Amino acid sequence: MDVIHQSLLQQTLQSTIEDLPDEVLEFILGFLPPYKDLQNCMIVCKRWYNCAQNVLHKTSIKLIKAVGEFNILWKNIAPDMVPTITKRFSHAACVLENNMYIFGGCTTNATSFNDLWRFDLSKRQWVRPLATGTYPVPKAYTSMVHYKDCLIVFGGWTYPSHSQYYQNVTMFNEIHFYCVNTNKWALVHATNSPPPMAGHSACMKGDEMVVFGGLVMSAAQNFQIQCSNDVWVLEISSCTWRKQATTKPKPSPRYAQSLICLDSERLMLLGGVQTLHNRFVYSDCWILTMKGPTWTWKELAVKNKEWAADNIWCNPACRVGDKVVSLSRSRNGWNAAKPLVTSAVRLSALSRPEGAPVSVRIEQSLQRPLDRDLNINGRRGVLPRRPSNPPRQEQNNHDEPVAGPSNEQGQLQNQAVSNENNSELNGLAGPSADSRQNGLDAGKKELAMRRNKNKNKGMKIVRQLQEANKYRMAAFACDPSNNTAPENDLINQRQIAHLENRREPPPSPPNPQPRQPAVKKIRRNTLTMHVLDISTVLNENSFNYVSWLCPRLGEMTGAPEELVMYSLVKGNGELIMFGGVYNDISSLNYSEPHSMYSNSLHFITPPRDII
């Protein structure tokens, strides 16, 4: 027996990681960050190279699936790491290889930055590269794209300092290249430059940078800030700008839109806002086909706009496979959930391309507890007020109560009625006793008729009040389908409960304990994910529409407070969100102005597989 145990122990010690199946090895490699560490595993051997490639591919597929099913996880990194980047918003961000780069931004209108930060996605830490060369000026609302091993920064604006009262906003049309390998900035002087602009969008098309829209300031417009819908193209090789001719109709002038690359020949335009003063937020979607001497604009129909992101104009959109993701306020409250319910009525009229999971989510979101309130005439039921003193009731032949005054008021009214009756009788008395007696009899009959008429009127009013109270109390019924208990018992129970509420409170103790102040519950407006399905225009599909998917209801665990003007980029199998300014500042500390801004990092990842 000991010999068997020793042989098994020797075999166990001789086993290595190479003896594991490929599925187990891929599961182990999946715990590594899908960046430099996983890339280092590719150079071990051919088998590890294939397993690492499969891990990268599965990581990308899992993110696309998680986004389509709204099955995501929020992971936050505390901003108190050393070194750390300054809080900011309206900055530029892009991912190059295993790093995310952040440039510029601002905290207030008069405070802008021109620093460049690099976030190592493998080590999860910030690095401040001390670059050489010609730095860009401090500015925000710039565009930054990567080309080979360089970053291209274009445009932007900056406010003057507080001491320069008579100076206006300054916009730029400068181009700066940052070389990652040499760690150096370079100012490029291009010919036929566009007017200074900010809030534009930029994408790469081979060796060209395509720029659309934004706020521009030119001499032809008397140096007034206006929106643009022009398309400018920068040829990198010759550093030459050209204004690209496009077809009509074309998108309206706008800024702060998102420009998404679909393939090598098409770009998608989403969102934007019209002017600085009278803001008109666009929810339309356009495709720019970059072929021939004249590029073609084509507008797409957008379905389910009520499920779109609220602040699509000041929040960037990021493409994940055949989906476009935007982060906006979550739909937690009743007012936020109401459009989902009302818009679902029109769902059957739309020929949606989504499969069964989307319809299942819609049905689940509409399964709400039924409102058993009868809600008569659009008003909620209320308990009828009872008088402080019980009313005087008179019995009739049918033993029904008669409405009448109570106590002192009743005595005064009865005395007034008796005086009135006496005066009427005195007025009816004539000179003779017989005539007086006849008149008295006629007056008694008339008085009796008046009393019967008043009694009938009072009984009618009581019946109307009882009928109204019966409907008014129906709103408080626990279950209208339960008819086992008689209605009188239910009314008696309510009367008893009403009397219990009117009882005097018990005497307070001699040394009462101080009451703790109630903790005010702060309503959190957290971010949620909104997804636009663009599969209808990808993979050689020729549909002329895109559609927003039904967002997930409720608050996601780990989701941050609502932010705007942040950056959102796609890494390897994850979305990376950085910075921004808090949209709801009611719960923030006004004594610390910097608390309005953020330098936190948030990662959106799919759930991990279990084997």
Side-chain angles (χ1 to χ4, degrees), residues 35-36 39 91-105 114-121 127 129 131-137 139-156 172-194 196-214 230-244 257-269 288-291 295 316-319 567-572 576 578:
Y35 298 101
K36 187 176 182 179
Q39 294 172 1
H91 49 276
C94 71
V95 173
L96 179 59
E97 295 180 350
N98 300 319
N99 301 284
M100 179 183 68
Y101 291 88
I102 301 294
F103 171 79
N114 67 338
D115 51 350
L116 180 70
W117 285 82
R118 176 173 64 89
F119 183 76
D120 193 327
L121 296 173
V127 179
T132 59
T134 305
Y135 272 72
V137 298
K139 52 187 176 179
Y141 302 95
T142 64
S143 64
M144 182 169 64
V145 296
H146 67 85
Y147 173 72
K148 296 181 179 180
D149 60 344
C150 295
L151 301 176
I152 305 177
V153 177
F154 170 70
F172 305 93
N173 59 353
E174 302 172 343
I175 305 174
H176 284 81
F177 279 71
Y178 171 76
C179 182
V180 176
N181 297 332
T182 61
N183 192 23
K184 184 178 180 179
W185 283 103
L187 175 61
V188 177
H189 298 281
T191 59
N192 192 26
S193 298
M197 64 179 62
H200 52 279
S201 302
C203 279
M204 292 302 301
K205 175 184 176 293
D207 295 333
E208 297 178 341
M209 183 178 69
V210 181
V211 176
F212 170 80
D230 297 331
V231 177
W232 289 85
V233 180
L234 173 67
E235 296 182 1
I236 305 298
S237 58
S238 60
C239 292
T240 303
W241 285 98
R242 75 172 187 270
K243 186 175 181 180
Q244 180 62 44
Q257 65 280 339
S258 295
L259 198 62
I260 302 166
C261 182
L262 299 181
D263 48 43
S264 59
E265 296 180 348
R266 293 187 303 170
L267 298 178
M268 174 178 285
L269 177 66
L288 177 63
T289 303
M290 300 174 290
K291 286 184 179 180
W295 293 356
C318 182
R319 179 187 172 186
S567 61
L568 182 67
V569 294
K570 180 182 176 296
N572 293 339
I576 310 167
F578 168 74

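No experiment lies behind these values; they were computed from the predicted model shown. Computed over heavy atoms, backbone and side chain alike; hydrogens, waters and symmetry mates excluded.
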Who passes ring-ring contact (aromatic ring centres under 6.0 Å, His included) against Phe177, sequence neighbours left out?
none
Could you walk me through whether Val211 and Trp241 pass side-chain contact (heavy atoms from CB on, under 4.5 Å), step by step?
CA-CA 10 Å; Val211 176; Trp241 285 98; 4.0 Å; yes
Leu121/Ile576 under side-chain contact (heavy atoms from CB on, under 4.5 Å): CA gap, chis, key distance, verdict
CA-CA 10 Å; Leu121 296 173; Ile576 310 167; 3.5 Å; yes
Out of curiosity, Tyr135 OH to Phe103 CZ, how far, rounded to the nearest 0.5 Å?
10.0 Å
Atom pair CG/CG of Leu234 and Asn192 - distance to nearest 0.5 Å
10.5 Å
Heavy atoms, side chains only, cut-off 4.5 Å: are Tyr101 and Leu96 in contact?
yes
Distance (rounded to the nearest 0.5 Å) between His176 NE2 and Thr142 OG1
11.5 Å
Please list, chain by chain and in numerical order, all residues satisfying side-chain hydrogen bond (donor to acceptor under 3.5 Å, both in side chains) with Tyr35, sequence neighbours excluded.
Glu574
Check side-chain hydrogen bond (donor to acceptor under 3.5 Å, both in side chains) between Asn99 and all other residues, then give those that pass, not counting sequence neighbours.
Arg118
Donor-acceptor under 3.5 Å (Lys139 side chain, Gly155 main chain):
yes
Considering residues at least two apart in sequence or located in another chain, which fulfil the salt bridge (Lys or Arg N to Asp or Glu O under 4.0 Å) criterion with Arg319?
none
About how many Å separate CE of Met268 and SG of Cys261, when rounded to the nearest 0.5 Å?
11.0 Å
Find the distance between CG (Asp207) and CD (Glu235) and round it off to the nearest 0.5 Å.
9.5 Å
Asp230 versus Pro194: any side-chain heavy-atom pair under 4.5 Å?
no
Quick one: ring-ring contact (aromatic ring centres under 6.0 Å, His included) partners of His91, sequence neighbours excluded?
Phe578
Distance-minimising heavy-atom pair for Ile102 and Ala93
CD1-CB, 3.4 Å
Tell me whether the count of non-hydrogen atoms from other residues, nucleotides or ligands lying under 6.0 Å of NZ in Lys570 goes above 12.
yes
Under the side chain to side chain contact (heavy atoms under 4.5 Å, CB included) test, which residues partner Ser264, sequence neighbours left out?
none
Kindly write out the residues that satisfy side-chain hydrogen bond (donor to acceptor under 3.5 Å, both in side chains) with Glu97, not counting sequence neighbours, or none if the list is empty.
none
Can Thr191 and Thr240 be said to form a side-chain contact (heavy atoms from CB on, under 4.5 Å), step by step?
CA-CA 5 Å; Thr191 59; Thr240 303; 3.5 Å; yes
For Lys148, salt bridge (Lys or Arg N to Asp or Glu O under 4.0 Å) partners two or more places apart:
none
Sorted by chain and residue number, the side-chain hydrogen bond (donor to acceptor under 3.5 Å, both in side chains) partners of Asp120 (sequence neighbours excluded) come out as none
Could you list the donor-acceptor pairs under 3.5 angstrom formed between side-chain atoms of residues 198-206 and any protein atom two or more places apart in sequence or on another chain?
{"from": "His200", "atom 1": "NE2", "to": "Ser143", "atom 2": "OG", "distance (Å)": "2.9"}
{"from": "His200", "atom 1": "NE2", "to": "Phe154", "atom 2": "O", "distance (Å)": "3.3"}
{"from": "Ser201", "atom 1": "OG", "to": "Gln257", "atom 2": "O", "distance (Å)": "2.9"}
{"from": "Ser201", "atom 1": "OG", "to": "Gln257", "atom 2": "NE2", "distance (Å)": "3.1"}

Of all heavy-atom pairs between Ala190 and Ile175, which one has the smallest distance, and what is that distance?
CB-CD1, 4.1 Å
Taking all atoms of both residues into account, what is the closest heavy-atom pair of Ala317 and Ser258, and its distance?
N-OG, 3.1 Å
Mind checking whether Trp295 and Val210 have side chains closer than 4.5 Å, heavy atoms only?
yes
Here the gap from Ile236 atom CD1 to Tyr147 atom OH, rounded to the nearest 0.5 Å, amounts to 6.5 Å
Considering only distance and modelled atom types, tabulate donor-acceptor pairs under 3.5 Å from the side chains of residues 179-188, sequence neighbours left out.
{"from": "Asn181", "atom 1": "ND2", "to": "Asp149", "atom 2": "OD2", "distance (Å)": "2.6"}
{"from": "Asn183", "atom 1": "OD1", "to": "Tyr178", "atom 2": "OH", "distance (Å)": "2.5"}
{"from": "Asn183", "atom 1": "ND2", "to": "Leu130", "atom 2": "O", "distance (Å)": "3.2"}

Looking only at atom types and distance, does a side-chain atom of Asn114 sit under 3.5 Å from a main-chain N or O of Val137, one as donor and one as acceptor?
no
